[in-house]
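Remarks on the structure that follows.
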2 protein chains.
Amino acid sequence: MVEKRSPEVREQQLDAVFGALADPTRRAMVRRLASGDATVGELAEPFAMSFQAVSKHLRVLELAGLVERSRRAQQRPCKLRVEPLVAASGWLGDYHELWESSFDRLDAHLTKKKGSAHA
Amino acid sequence: MVEKRSPEVREQQLDAVFGALADPTRRAMVRRLASGDATVGELAEPFAMSFQAVSKHLRVLELAGLVERSRRAQQRPCKLRVEPLVAASGWLGDYHELWESSFDRLDAHLTKKKGSAHA
DNA sequence: GTATTATTCAACCTCATGGTTGAAAAACGA
DNA sequence: TCGTTTTTCAACCATGAGGTTGAATAATAC
């Protein structure tokens, strides 16, 4: 179940995941899906945007491995997959020790402590 | 020193940071800068790419707040700023508890433990 | 001043992105 | 079968990203 990934593939995955997260609409969708599965319609509802546009965003998330879809009647429920988030987090994690020891230390710590406002 | 950021501005920062990290060349530059400051020329050296292209990537990193530049003779040394990485990491961190309790749990843990190969 | 080195600016090309609209497809209810 | 609902496909448009080349700028060395 735990795939062995070549460095190139991992790089491509990071391209896809960071790229997917570089859009506020898609981040909002991820946030929404983190609180439970949803249909395309439900995901589209908060946005002033056509279904088709939402569908496209969803495809980006799907290609990045962040969303998995099934079929239920006419609907295609979306479920968040967390592994790509872990991969992205892991990449950033390589720099944890850097920022723990950098001049940004204070700033970093305070940002972390204010973190309750993140969600 | 610790700026108070509005939600919109924070969203824009995340757009910029995730966007900046969505490119393998730029991630490599970040990796390089994590091990010490470098000039544009030094950063360009490993890439089969013109200085101008590297300069553009650098501007993207700069706009995302990931790079700070000074002046030394004709050179413009680049220094990694870590705060945007902290911000991105913080966003992802909001989902930590999600993946700790998800079906991806095993995969996530194993990915984490293999993490020594990340760098 | 002139040349050299390091870097950026400007213009251009190609292709991807994020949005639109309109038509099609898939699964149901009558 | 017919219509309704949910979602996607296809074509299009405008903008931006990532690369190129060639000229300009800035700091230094002679």
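The figures that follow rest on heavy atoms only: side chains count, while hydrogens, waters and symmetry mates do not. In what follows, chains are A, B, ... by sequence order, proteins preceding strands, each numbered from 1.
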Below 3.5 Å, can you tabulate the donor-acceptor pairs from side chains in residues 40-67 of chain A to any protein atom, sequence neighbours excluded?
from	atom 1	to	atom 2	distance (Å)
A:E42	OE1	A:T39	N	2.9
A:S50	OG	A:A53	N	3.2
A:H57	ND1	A:R26	NH1	3.1

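- Atom CG of A:L21 and atom CE of A:M29 lie 13.0 Å apart (nearest 0.5 Å).
- From one end of the helix from C:dG1-D:dC30 to C:dA30-D:dT1 to the other, with five pairs defining each end axis, the axis direction shifts by 10° (rounded to 10°).
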Verdict with reasoning, A:V30 to A:L80, per side chain to side chain contact (heavy atoms under 4.5 Å, CB included): CA-CA 7 Å; A:V30 168; A:L80 186 61; 4.1 Å; yes
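- Residue B:H57 has its side chain nearest to D:dG18 when only D:dG18, C:dT20, D:dT20 are considered.
- Considering only residues two or more places apart in sequence or on other chains, A:D15 meets the side chain to side chain contact (heavy atoms under 4.5 Å, CB included) condition with B:P24, B:R27.
- DNA chain C is contacted by both A:R71 and A:S50; A:S50 maps to the nucleotide lying nearer its 5′ end (nearest heavy atom per residue).
- Of all heavy-atom pairs spanning A:A38 and A:R32, the tightest one is CB-NH1, 3.5 Å.
- Pairs engaging residues 63-78 of chain B under the side chain to side chain donor-acceptor pair (under 3.5 Å) rule: none recorded [sequence neighbours left out].
- The stretch residues 13-27 of chain B comes close to DNA chain D through B:D23, B:R26, each having a heavy atom under 4.0 Å from the strand.
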Base-contact (B) and sugar-phosphate-only (S) positions in nucleotides 4-15 of chain C, heavy-atom cut-off under 4.0 Å, - elsewhere: -BSSBB-B----
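- Atoms CG (A:L61) and C1' (C:dG18) sit 13 Å apart, rounded to a whole Å.
- If you take CD of A:Q12 and C1' of C:dA16, they are 16 Å apart, rounded to a whole angstrom.
- The side-chain heavy atoms of A:V17 and A:W91, taken from C-beta on, include no pair separated by under 4.5 Å.
- When the side chain to side chain contact (heavy atoms under 4.5 Å, CB included) test is applied to A:A22, the partners found at least two apart in sequence or on another chain are B:F18.
- Taking for each of A:A53 and A:R72 the nucleotide of DNA chain C with the nearest heavy atom, the 5'-most of the two is the partner of A:A53.
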